[in-house]
Amino acid sequence: MLDYGLVRLSQMIYDYCGLNYKDRLPSLKEKISKRVSELGLTYDNYCLYIHRNPTEWDVVVEILTINETYFYREENQLVECCTTILPELKKIIRNRPLRIWSAACSTGEEPYTLAMLIYETGLFPPGTIEIIGTDINKKVIQKAEQGWYPLTSFAFRRIPENLLKKYFDIENGGYQVKSFIKKMVRFQELNLLNDNKMGQLGEVDIIFCRNVLIYFDQETIKKVIRGLHRNLAKGGYLFLGHAESITDLNLGFQKVDAARTFYYRKEPDQDETVRCISS
(Lines give C-alpha, C1' and ligand atoms only; values in the text may rest on other atoms or scores of the structure.)
Protein backbone atom coordinates (compact mmCIF):
# COMPACT_ATOMS: atom_id res chain seq x y z
CA MET A 1 0.00 0.00 0.00
CA LEU A 2 1.32 3.42 -0.97
CA ASP A 3 2.35 5.58 2.00
CA TYR A 4 1.45 9.13 1.02
CA GLY A 5 3.60 10.49 3.84
CA LEU A 6 6.62 8.89 2.16
CA VAL A 7 5.54 10.38 -1.16
CA ARG A 8 5.31 13.80 0.47
CA LEU A 9 8.74 13.35 2.04
CA SER A 10 10.29 12.44 -1.32
CA GLN A 11 8.90 15.67 -2.82
CA MET A 12 10.24 17.73 0.09
CA ILE A 13 13.70 16.21 -0.38
CA TYR A 14 13.58 16.89 -4.10
CA ASP A 15 12.61 20.53 -3.54
CA TYR A 16 15.26 21.03 -0.87
CA CYS A 17 18.36 19.53 -2.48
CA GLY A 18 17.42 17.98 -5.82
CA LEU A 19 17.88 14.34 -4.82
CA ASN A 20 15.17 12.47 -6.69
CA TYR A 21 13.55 9.62 -4.75
CA LYS A 22 10.08 10.22 -6.15
CA ASP A 23 10.38 7.15 -8.36
CA ARG A 24 12.51 5.23 -5.82
CA LEU A 25 10.34 5.21 -2.74
CA PRO A 26 11.54 1.77 -1.51
CA SER A 27 15.12 3.05 -1.55
CA LEU A 28 14.14 6.17 0.37
CA LYS A 29 12.23 4.10 2.91
CA GLU A 30 15.23 1.83 3.43
CA LYS A 31 17.50 4.79 4.12
CA ILE A 32 15.24 6.94 6.26
CA SER A 33 13.09 4.43 8.17
CA LYS A 34 15.51 4.07 11.09
CA ARG A 35 15.46 7.83 11.76
CA VAL A 36 11.67 8.00 11.53
CA SER A 37 11.35 5.06 13.94
CA GLU A 38 13.79 6.66 16.39
CA LEU A 39 11.48 9.66 16.61
CA GLY A 40 8.38 7.45 16.93
CA LEU A 41 6.69 9.14 13.98
CA THR A 42 4.80 8.21 10.85
CA TYR A 43 6.22 9.49 7.57
CA ASP A 44 3.46 12.08 7.38
CA ASN A 45 4.27 13.33 10.88
CA TYR A 46 7.97 13.29 10.04
CA CYS A 47 7.26 15.78 7.24
CA LEU A 48 5.60 18.05 9.80
CA TYR A 49 8.54 17.52 12.14
CA ILE A 50 10.96 18.76 9.48
CA HIS A 51 8.81 21.84 8.86
CA ARG A 52 8.88 22.67 12.57
CA ASN A 53 12.54 21.74 13.05
CA PRO A 54 14.49 22.87 9.97
CA THR A 55 17.78 21.66 11.47
CA GLU A 56 16.47 18.13 10.83
CA TRP A 57 17.50 18.71 7.22
CA ASP A 58 21.10 18.24 8.38
CA VAL A 59 20.17 14.74 9.54
CA VAL A 60 18.29 13.94 6.32
CA VAL A 61 21.19 15.12 4.17
CA GLU A 62 23.69 13.10 6.18
CA ILE A 63 21.58 9.97 5.73
CA LEU A 64 21.02 10.38 2.00
CA THR A 65 24.28 11.76 0.62
CA ILE A 66 27.17 9.63 -0.57
CA ASN A 67 30.56 10.90 0.58
CA GLU A 68 33.00 8.43 -0.97
CA THR A 69 35.97 10.27 -2.45
CA TYR A 70 39.76 10.18 -2.49
CA PHE A 71 42.87 12.22 -3.17
CA TYR A 72 44.15 12.64 -6.72
CA ARG A 73 40.84 11.61 -8.27
CA GLU A 74 40.56 11.64 -12.10
CA GLU A 75 44.23 12.33 -12.72
CA ASN A 76 43.83 13.39 -16.36
CA GLN A 77 41.65 16.33 -15.39
CA LEU A 78 44.08 17.41 -12.71
CA VAL A 79 47.00 17.29 -15.15
CA GLU A 80 45.05 19.27 -17.75
CA CYS A 81 44.13 21.90 -15.17
CA CYS A 82 47.71 22.35 -13.96
CA THR A 83 49.53 22.17 -17.31
CA THR A 84 47.11 23.98 -19.64
CA ILE A 85 44.59 26.09 -17.74
CA LEU A 86 46.69 27.46 -14.89
CA PRO A 87 49.48 28.85 -17.16
CA GLU A 88 46.78 30.55 -19.23
CA LEU A 89 45.10 32.08 -16.18
CA LYS A 90 48.48 33.19 -14.84
CA LYS A 91 48.81 35.48 -17.87
CA ILE A 92 45.30 36.89 -17.44
CA ILE A 93 44.79 37.36 -13.70
CA ARG A 94 46.21 40.54 -12.24
CA ASN A 95 45.87 42.15 -8.79
CA ARG A 96 43.59 39.46 -7.34
CA PRO A 97 43.83 35.83 -6.24
CA LEU A 98 43.03 32.89 -8.47
CA ARG A 99 39.74 31.47 -7.17
CA ILE A 100 38.79 27.80 -7.52
CA TRP A 101 35.58 26.22 -6.26
CA SER A 102 35.35 22.53 -5.37
CA ALA A 103 31.60 21.86 -5.20
CA ALA A 104 30.30 18.85 -3.25
CA CYS A 105 33.80 18.39 -1.85
CA SER A 106 32.79 15.90 0.86
CA THR A 107 35.62 15.49 3.42
CA GLY A 108 38.04 17.74 1.54
CA GLU A 109 40.20 15.39 -0.52
CA GLU A 110 39.58 17.23 -3.80
CA PRO A 111 40.31 20.82 -2.69
CA TYR A 112 43.39 19.70 -0.76
CA THR A 113 44.60 17.81 -3.84
CA LEU A 114 44.17 20.96 -5.91
CA ALA A 115 46.09 23.01 -3.34
CA MET A 116 49.02 20.56 -3.39
CA LEU A 117 49.20 20.36 -7.17
CA ILE A 118 48.92 24.11 -7.66
CA TYR A 119 51.65 24.63 -5.09
CA GLU A 120 53.77 22.16 -7.07
CA THR A 121 53.44 24.27 -10.24
CA GLY A 122 54.85 27.38 -8.55
CA LEU A 123 52.50 29.52 -10.62
CA PHE A 124 50.30 30.69 -7.76
CA PRO A 125 52.11 30.79 -4.40
CA PRO A 126 50.12 30.80 -1.13
CA GLY A 127 48.41 34.14 -0.76
CA THR A 128 47.63 34.40 -4.48
CA ILE A 129 45.09 31.59 -4.59
CA GLU A 130 41.82 30.86 -2.83
CA ILE A 131 40.25 27.41 -3.00
CA ILE A 132 36.70 27.07 -1.67
CA GLY A 133 35.35 23.64 -0.77
CA THR A 134 31.59 23.34 -0.28
CA ASP A 135 29.16 20.57 0.54
CA ILE A 136 25.56 20.36 1.67
CA ASN A 137 26.54 17.96 4.45
CA LYS A 138 27.74 19.97 7.46
CA LYS A 139 29.35 16.97 9.15
CA VAL A 140 31.71 16.23 6.25
CA ILE A 141 32.61 19.91 6.04
CA GLN A 142 33.69 19.78 9.68
CA LYS A 143 35.91 16.78 8.89
CA ALA A 144 37.35 18.59 5.87
CA GLU A 145 38.28 21.60 8.00
CA GLN A 146 40.28 19.33 10.30
CA GLY A 147 42.32 17.96 7.38
CA TRP A 148 43.08 14.74 9.26
CA TYR A 149 42.60 11.27 7.75
CA PRO A 150 43.27 7.79 9.25
CA LEU A 151 46.38 5.98 8.04
CA THR A 152 44.20 3.15 6.76
CA SER A 153 41.83 5.42 4.82
CA PHE A 154 41.04 4.43 1.23
CA ALA A 155 41.27 8.14 0.42
CA PHE A 156 45.01 7.65 -0.19
CA ARG A 157 44.73 4.79 -2.68
CA ARG A 158 45.65 6.93 -5.71
CA ILE A 159 47.85 9.69 -4.33
CA PRO A 160 51.49 9.62 -5.51
CA GLU A 161 53.92 8.75 -2.72
CA ASN A 162 55.91 11.95 -3.14
CA LEU A 163 52.81 14.10 -2.49
CA LEU A 164 51.88 12.04 0.54
CA LYS A 165 55.32 12.52 2.09
CA LYS A 166 55.61 16.18 1.17
CA TYR A 167 52.22 17.54 2.19
CA PHE A 168 51.16 15.44 5.20
CA ASP A 169 52.44 14.91 8.73
CA ILE A 170 51.73 11.74 10.67
CA GLU A 171 49.77 12.71 13.78
CA ASN A 172 47.57 10.73 16.17
CA GLY A 173 47.51 7.64 13.99
CA GLY A 174 46.63 9.48 10.81
CA TYR A 175 47.77 11.84 8.09
CA GLN A 176 47.41 15.56 8.83
CA VAL A 177 47.44 18.04 5.95
CA LYS A 178 50.30 20.50 6.48
CA SER A 179 49.25 23.90 7.72
CA PHE A 180 50.43 25.92 4.70
CA ILE A 181 48.25 23.76 2.43
CA LYS A 182 45.27 24.08 4.78
CA LYS A 183 45.59 27.87 4.63
CA MET A 184 45.03 27.74 0.86
CA VAL A 185 41.58 26.20 1.34
CA ARG A 186 38.46 27.31 3.14
CA PHE A 187 35.26 25.32 3.58
CA GLN A 188 31.60 26.16 3.94
CA GLU A 189 28.22 24.45 3.86
CA LEU A 190 26.35 25.10 0.61
CA ASN A 191 23.22 23.74 -1.05
CA LEU A 192 23.63 23.96 -4.84
CA LEU A 193 19.92 24.81 -5.13
CA ASN A 194 20.22 27.82 -2.81
CA ASP A 195 20.59 30.77 -5.18
CA ASN A 196 21.28 33.27 -2.39
CA LYS A 197 24.21 31.32 -0.95
CA MET A 198 25.50 30.56 -4.43
CA GLY A 199 25.56 34.28 -5.16
CA GLN A 200 27.40 35.03 -1.92
CA LEU A 201 30.20 32.69 -2.97
CA GLY A 202 31.37 35.22 -5.53
CA GLU A 203 33.01 34.88 -8.92
CA VAL A 204 35.47 32.02 -9.48
CA ASP A 205 37.84 31.06 -12.29
CA ILE A 206 37.53 27.27 -12.16
CA ILE A 207 34.80 25.00 -10.80
CA PHE A 208 35.18 21.31 -10.04
CA CYS A 209 31.71 19.76 -9.68
CA ARG A 210 32.47 16.13 -10.33
CA ASN A 211 30.12 13.17 -9.96
CA VAL A 212 27.31 15.33 -8.61
CA LEU A 213 24.93 15.64 -11.56
CA ILE A 214 24.48 11.86 -11.75
CA TYR A 215 22.16 12.11 -8.72
CA PHE A 216 19.84 14.68 -10.31
CA ASP A 217 17.10 14.62 -12.92
CA GLN A 218 17.30 16.78 -16.04
CA GLU A 219 15.51 19.80 -14.61
CA THR A 220 17.70 19.88 -11.49
CA ILE A 221 20.82 19.48 -13.63
CA LYS A 222 19.81 22.55 -15.63
CA LYS A 223 19.20 24.57 -12.47
CA VAL A 224 22.55 23.59 -10.97
CA ILE A 225 24.48 24.29 -14.18
CA ARG A 226 22.85 27.71 -14.51
CA GLY A 227 23.99 28.48 -10.98
CA LEU A 228 27.54 27.36 -11.72
CA HIS A 229 27.49 29.44 -14.90
CA ARG A 230 26.56 32.57 -12.94
CA ASN A 231 29.44 32.03 -10.53
CA LEU A 232 32.08 31.50 -13.20
CA ALA A 233 34.16 34.38 -14.48
CA LYS A 234 33.94 35.02 -18.20
CA GLY A 235 35.99 32.38 -19.96
CA GLY A 236 36.16 30.33 -16.74
CA TYR A 237 36.37 26.55 -16.66
CA LEU A 238 34.07 23.80 -15.41
CA PHE A 239 35.14 20.22 -14.70
CA LEU A 240 32.47 17.54 -14.36
CA GLY A 241 32.77 13.80 -13.78
CA HIS A 242 33.83 11.72 -16.79
CA ALA A 243 30.33 10.19 -17.00
CA GLU A 244 28.55 13.57 -16.96
CA SER A 245 27.80 15.72 -19.99
CA ILE A 246 26.05 19.05 -20.54
CA THR A 247 26.96 19.40 -24.22
CA ASP A 248 23.35 19.35 -25.46
CA LEU A 249 21.84 21.65 -22.82
CA ASN A 250 22.73 24.96 -24.51
CA LEU A 251 23.51 26.69 -21.22
CA GLY A 252 26.46 28.84 -22.22
CA PHE A 253 29.31 26.33 -22.08
CA GLN A 254 31.63 25.17 -24.83
CA LYS A 255 33.09 21.69 -24.56
CA VAL A 256 36.88 21.49 -24.65
CA ASP A 257 38.34 18.17 -25.83
CA ALA A 258 41.85 17.53 -24.55
CA ALA A 259 44.08 14.56 -25.29
CA ARG A 260 42.87 12.40 -22.41
CA THR A 261 39.87 14.21 -20.95
CA PHE A 262 37.26 16.88 -21.61
CA TYR A 263 35.88 19.87 -19.72
CA TYR A 264 33.87 23.02 -20.37
CA ARG A 265 34.60 26.69 -20.84
CA LYS A 266 32.12 29.45 -20.17
CA GLU A 267 31.33 31.26 -23.39
CA PRO A 268 32.07 34.93 -22.64
CA ASP A 269 29.13 36.26 -24.65
CA GLN A 270 26.49 33.89 -23.28
CA ASP A 271 25.59 35.48 -19.95
CA GLU A 272 22.50 37.25 -21.24
CA THR A 273 21.35 34.18 -23.17
CA VAL A 274 21.52 31.99 -20.08
CA ARG A 275 19.67 34.57 -17.98
CA CYS A 276 16.87 34.58 -20.53
CA ILE A 277 16.69 30.79 -20.56
CA SER A 278 16.63 30.73 -16.73
CA SER A 279 13.79 33.21 -16.42
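Not measured: the values here are computed from a predicted model. Worth knowing before you read on, the calculation uses all heavy atoms, side chains too, and leaves out hydrogens, waters and symmetry mates.
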Peer 1: Taking only Lys NZ, Arg NE, NH1 and NH2, and the carboxylate oxygens of Asp or Glu, determine whether R73 and E109 approach each other closer than 4.0 Å.
Peer 2: no
Peer 1: For residues 22-33, dump all side-chain donor-acceptor pairs below 3.5 Å to protein atoms at least two apart in sequence or in another chain.
Peer 2:
residue, atom, partner, partner atom, Å
R24, NE, N20, O, 3.4
R24, NH2, N20, O, 3.1
S33, OG, K29, O, 3.0

Peer 1: Would you confirm whether K266, through its side chain, and H229, through its main-chain N or O, come within 3.5 Å as a donor-acceptor pair?
Peer 2: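 Yes, because the side chain of K266 sits within donor-acceptor range (under 3.5 Å) of the backbone of H229.
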Peer 1: Angle class for the F180/Y119 ring planes (parallel below 30°, perpendicular above 60°, tilted otherwise)?
Peer 2: tilted
Peer 1: Can you sort out the partners of Y175 under ring pair (Phe, Tyr, Trp, His ring centres under 6.0 Å), two or more places apart, ordered by chain and number?
Peer 2: F156
Peer 1: With E203, which residues qualify under salt bridge (Lys or Arg N to Asp or Glu O under 4.0 Å), at least two apart?
Peer 2: none
Peer 1: Determine whether a donor-acceptor pair (N or O, by modelled atom type, separation under 3.5 Å) exists between the side chain of S106 and the backbone of N67.
Peer 2: yes
Peer 1: Can you confirm whether more than 12 heavy atoms, excluding those of R157, are under 6.0 Å from its CZ atom?
Peer 2: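 Check passes, neighbour count above 12.
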Peer 1: Look up atom OG1 in T134 and atom CE in M198, then write down how far apart they are to the nearest 0.5 Å.
Peer 2: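 Answer for the OG1-CE pair, T134 versus M198, is 8.0 Å.
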Peer 1: Does any part of the side chain of I246, heavy atoms only, come nearer than 4.5 Å to the side chain of L251, both counted from C-beta?
Peer 2: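 No - every pair of side-chain heavy atoms lies 4.5 Å or more apart.
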Peer 1: Partners of W148 by ring pair (Phe, Tyr, Trp, His ring centres under 6.0 Å), sequence neighbours excluded?
Peer 2: none
Peer 1: So which heavy atom on R99 is nearest to which on G202, and how close?
Peer 2: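 For R99 versus G202, the nearest heavy atoms are NH1-C, 3.6 Å.
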Peer 1: Starting from the C-alpha separation in whole Å, work towards a yes-or-no answer on side-chain contact (heavy atoms from CB on, under 4.5 Å) for F208 and E110.
Peer 2: CA-CA 9 Å; F208 283 80; E110 180 175 87; 3.4 Å; yes
Peer 1: For the residue pair N194 and L192, establish whether any side-chain heavy-atom pair is separated by less than 4.5 Å.
Peer 2: no
Peer 1: Which pair of non-hydrogen atoms, one from A104 and one from V212, has the smallest distance, and what is that distance?
Peer 2: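 What the structure gives for the nearest pair is CB-CG2, 3.4 Å.
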Peer 1: Have T42 and N45 got a donor and an acceptor in their side chains that come within less than 3.5 Å?
Peer 2: yes
Peer 1: Does F154 have more than 12 heavy atoms from other residues, nucleotides or ligands lying within 6.0 Å of its CZ?
Peer 2: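 No - once you tally the heavy atoms of other residues, nucleotides and ligands closer than 6.0 Å, there are 12 at most.
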Peer 1: Please check if any side-chain donor atom of Q11 sits under 3.5 Å from a side-chain acceptor atom of D15, or the reverse.
Peer 2: yes
Peer 1: Testing the basics here: between S10 and V7, what is the closest heavy-atom pair and its distance to 0.1 Å?
Peer 2: OG-O, 2.6 Å
Peer 1: If you round to the nearest 0.5 Å, how far is CZ of F239 from OG of S102?
Peer 2: 12.5 Å
Peer 1: Any chance you could lay out the side-chain contact (heavy atoms from CB on, under 4.5 Å) test for V204 and I100, step after step, and finish with the verdict?
Peer 2: CA-CA 6 Å; V204 297; I100 298 178; over 6 Å; no
Peer 1: Checking R35 against E62 for the salt bridge (Lys or Arg N to Asp or Glu O under 4.0 Å) test, could you report, in this order, the C-alpha distance in whole Å, the side-chain angles of both residues, the deciding distance, and whether it holds?
Peer 2: CA-CA 11 Å; R35 175 59 177 171; E62 184 180 344; over 6 Å; no
Peer 1: Quick test of your reading of the model: are K166 and E120 salt-bridged, counting only N-O distances below 4.0 Å?
Peer 2: yes
Peer 1: Answer yes if L41 and M12 sit in the same cluster of Ile, Leu, Val, Met, Phe, Trp and Tyr residues linked by side chain heavy atoms under 4.5 Å apart, and no otherwise.
Peer 2: yes
Peer 1: Hey, does the side chain of T121 reach the backbone of I118 with a donor-acceptor pair shorter than 3.5 angstrom?
Peer 2: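 Yes; judged by distance alone, with no hydrogens or angles, the pair exists.
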Peer 1: If the threshold is 4.0 Å, N to carboxylate O, is there a salt bridge linking K223 and D195?
Peer 2: yes
Peer 1: According to salt bridge (Lys or Arg N to Asp or Glu O under 4.0 Å), does anything in residues 238-249 pair up with another residue at least two apart or in another chain? List the pairs.
Peer 2: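 For residues 238-249, and leaving out neighbouring residues, there are no salt bridge (Lys or Arg N to Asp or Glu O under 4.0 Å) pairs at all.
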Peer 1: Sort and list the pairs that fulfil salt bridge (Lys or Arg N to Asp or Glu O under 4.0 Å) and have at least one residue in residues 172-193, not counting sequence neighbours.
Peer 2: E130-R186, D169-K178, E189-K197
Peer 1: Verify, without hydrogens or angle tests, whether R94 (side chain) and K90 (backbone) share a donor-acceptor contact under 3.5 angstrom.
Peer 2: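 Yes; at least one donor-acceptor contact below 3.5 Å.
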Peer 1: With the side chain counted from C-beta on, respond yes when L190 and D135 share a heavy-atom pair under 4.5 Å apart, and no when they do not.
Peer 2: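 The answer is no, as the side chains (C-beta and beyond) never meet within the 4.5 Å cut-off.
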Peer 1: If every non-hydrogen atom of L39 is compared with every non-hydrogen atom of E56, which pair is closest and at what distance?
Peer 2: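 Heavy atoms only, the tightest pair is CD1-OE2, 4.3 Å.
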Peer 1: Show me the donor-acceptor pairs, under 3.5 Å and distance only, between side chains in residues 255-263 and residues at least two apart or in other chains.
Peer 2:
residue, atom, partner, partner atom, Å
Y263, OH, E80, OE2, 2.9

Peer 1: Can you name the side chain to side chain donor-acceptor pair (under 3.5 Å) partners of N231, sequence neighbours left out?
Peer 2: none
Peer 1: Is it true that atom OH of Y43 has more than 12 heavy atoms of other residues, nucleotides or ligands lying nearer than 6.0 Å?
Peer 2: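 Check passes, neighbour count above 12.
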Peer 1: Check for a donor-acceptor pair, side chain of Q176 on one end and backbone N or O of Y149 on the other, with a separation under 3.5 Å.
Peer 2: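 Looks like no, no N/O pair under 3.5 Å.
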Peer 1: Side chains of I206 and I85, heavy atoms from C-beta outward: is any pair under 4.5 Å?
Peer 2: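 They are in side-chain contact.
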Peer 1: Please tell me if the side chains of L98 and L123 come closer than 4.5 Å, counting only heavy atoms from C-beta onward.
Peer 2: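 No. Closest side-chain heavy atoms not under 4.5 Å.
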Peer 1: Going by heavy atoms in the side chains, are L19 and F216 under 4.5 Å from each other?
Peer 2: yes
Peer 1: Considering residues at least two apart in sequence or located in another chain, which fulfil the side chain to side chain contact (heavy atoms under 4.5 Å, CB included) criterion with E219?
Peer 2: Y14, D217, K222
Peer 1: List the steps and the verdict of side-chain contact (heavy atoms from CB on, under 4.5 Å) for L9 and I50.
Peer 2: CA-CA 9 Å; L9 178 60; I50 294 173; 3.8 Å; yes
Peer 1: Is there a side-chain contact between L64 and V60 (heavy atoms, below 4.5 Å)?
Peer 2: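 Yes, side chains in contact.
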Peer 1: Salt bridge (Lys or Arg N to Asp or Glu O under 4.0 Å) with E75: which residues, sequence neighbours excluded?
Peer 2: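 Not a single residue meets the salt bridge (Lys or Arg N to Asp or Glu O under 4.0 Å) criterion with E75.
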Peer 1: Side chains of L238 and I225, heavy atoms from C-beta outward: is any pair under 4.5 Å?
Peer 2: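 Counting from C-beta outward, L238 and I225 do come under 4.5 Å.
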Peer 1: Please report the closest heavy-atom contact between A115 and V185, naming both atoms and the distance.
Peer 2: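 Scanning both residues, the minimum pair turns out to be CB-CG2, 3.9 Å.
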Peer 1: Say you draw a straight line from CZ of R8 to CD1 of I13; how long is it, rounded to the nearest 0.5 Å?
Peer 2: 12.5 Å
Peer 1: Would you say V140 ends up clustered with I66 if hydrophobic residues are merged whenever their side chains have heavy atoms under 4.5 Å apart, either directly or through other cluster members?
Peer 2: no
Peer 1: Distance from Q188 atom CD to I132 atom CD1, nearest 0.5 Å?
Peer 2: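 Reported value, rounded in 0.5 Å steps: 7.5 Å.
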Peer 1: Would R158 and Y72 count as a cation-pi pair here, with the cationic atom under 6.0 angstrom from the ring centre and within 45° of the axis?
Peer 2: no
Peer 1: Considering residues at least two apart in sequence or located in another chain, which fulfil the salt bridge (Lys or Arg N to Asp or Glu O under 4.0 Å) criterion with R96?
Peer 2: D205
Peer 1: Are the ring centres of F71 and F168 closer than 6.0 Å?
Peer 2: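 Centroid separation for F71 and F168: below 6.0 Å.
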Peer 1: Specify the closest pair of heavy atoms between G18 and L193, including all atoms of both residues, with the distance to one decimal.
Peer 2: N-CD1, 3.3 Å
Peer 1: Before you tell me yes or no, could you show the steps for I221 and Y215 under side-chain contact (heavy atoms from CB on, under 4.5 Å), namely the whole-Å CA-CA distance, both residues' side-chain angles and the distance that decides it to 0.1 Å?
Peer 2: CA-CA 9 Å; I221 289 172; Y215 300 106; over 6 Å; no
Peer 1: Would you compute the distance between atom SG of C105 and atom CG of N137 and round it to the nearest 0.5 angstrom?
Peer 2: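 Answer for the SG-CG pair, C105 versus N137, is 10.0 Å.
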Peer 1: To the nearest 0.5 Å, what is the distance between CE (M184) and CZ (F124)?
Peer 2: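 Separation between the atoms: 10.5 Å.
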Peer 1: Test of understanding: with side chain to side chain donor-acceptor pair (under 3.5 Å), list the residues that count as partners of Y112, not counting sequence neighbours.
Peer 2: none
